[in-house]
Amino acid sequence: MPKPRAGRRHWLFKTEPDVYSIEDLAREGSTLWDGVRNYQARNLLRDDLQLGDGVFIYHSSCERLGIAGLATVTGVGIADPSAFDPASPYHDPKSRPAAPTWYCVEIAFERRFTPLIARDAIAAEPGLAAMVLLQRGSRLSIQPVGADEARRLLQMAQHEAEA
DNA sequence: GCCAACGTTGGC
DNA sequence: GCCAACGTTGGC
C-alpha cells in the first residue's frame, strides 16, 4: 500500500478574545503570533510549525468558549521581536537578537467558523476526547492537533454552518 | 538538585 | 470570584 500523502498538519492556538480575537485577525488579514512565554510552546513554534500548516483559533476565558476559525501559517522560525522591546509587556532582557530565547510565527486569516465550534460540542465528541485542549489542567497555548481530530473539527464546522 | 512558595491560567 | 493545576523561581 502506498504511503498516504501527508496532508497539511494542524495546530490549535489559544487566545483570549478580549485581547486578540478571530475578528481582529479577520480585519488585519495576518499577524505575528508573538508574546508566547512558555518553553513547551516555544519549542513547537521554533521547531515544528511549518509553512502552510492549519491553525485552529480557540477563544479562551470568555463567554463563548470554542474554536472560532481557521488560519494558515505564513511565516516560521521568527525570533519574537516583542522580547527585544523594553516597552513591550513581553519584554525579556534574557533574549537577545544574537541568541533569541523566544520565537513566534506569522499566521494569515483563512476563515471564520460561524457559529464557532463550542467547547461543549468538542467535549461531547468521542473522537476528540484525546485532544490536548480537553486534558485536565492543560494550559499549553500552542497545541498539536492530530490528523483525525482536524478532519473531525472541520466536518463539525461545516455541519454547524449548514444547520 | 530538591522542593516550597509564588504567580498565572482558565474552566466553572 | 473561586480554585485546581501547572510552570517558574529561588533558598538551601
- Does A:Tyr39 make a side-chain N or O approach to OP1 or OP2 of C:dC6 shorter than 4.0 Å? no

- Which nucleotide in B:dG10, C:dG7, B:dC12 has an atom nearest any side-chain atom of A:Arg119: B:dC12

- Message: For A:Gln40, is the CD atom crowded, meaning more than 12 foreign heavy atoms sit under 6.0 Å from it?
- Response: no

- Message: Does A:Phe84, at its CZ atom, have more than 12 non-hydrogen atoms belonging to other residues, nucleotides or ligands within less than 6.0 Å?
- Response: yes

Measure [atom1]/[X] against [atom2]/[N] and give the value in whole Å, please.
X        : N      : atom1 : atom2 : result
A:Glu16  : B:dG11 : CD    : P     : 9 Å
A:Arg64  : B:dC12 : CZ    : P     : 16 Å
A:Leu133 : B:dG10 : CG    : P     : 10 Å
A:Lys14  : C:dG7  : NZ    : P     : 11 Å
A:Met131 : B:dG10 : CE    : P     : 14 Å
A:Gln40  : B:dT8  : CD    : P     : 20 Å
A:Leu140 : B:dT8  : CG    : C1'   : 14 Å
A:Arg37  : B:dG7  : CZ    : P     : 20 Å

- Answer yes if the side chains of A:Ser95 and A:Arg37 hold a donor-acceptor pair under 3.5 Å, and no otherwise. no

- Query: For the side chain of A:Asp80 and the backbone of A:Gly35, is there at least one donor-acceptor N/O pair under 3.5 Å apart?
  - Reply: yes

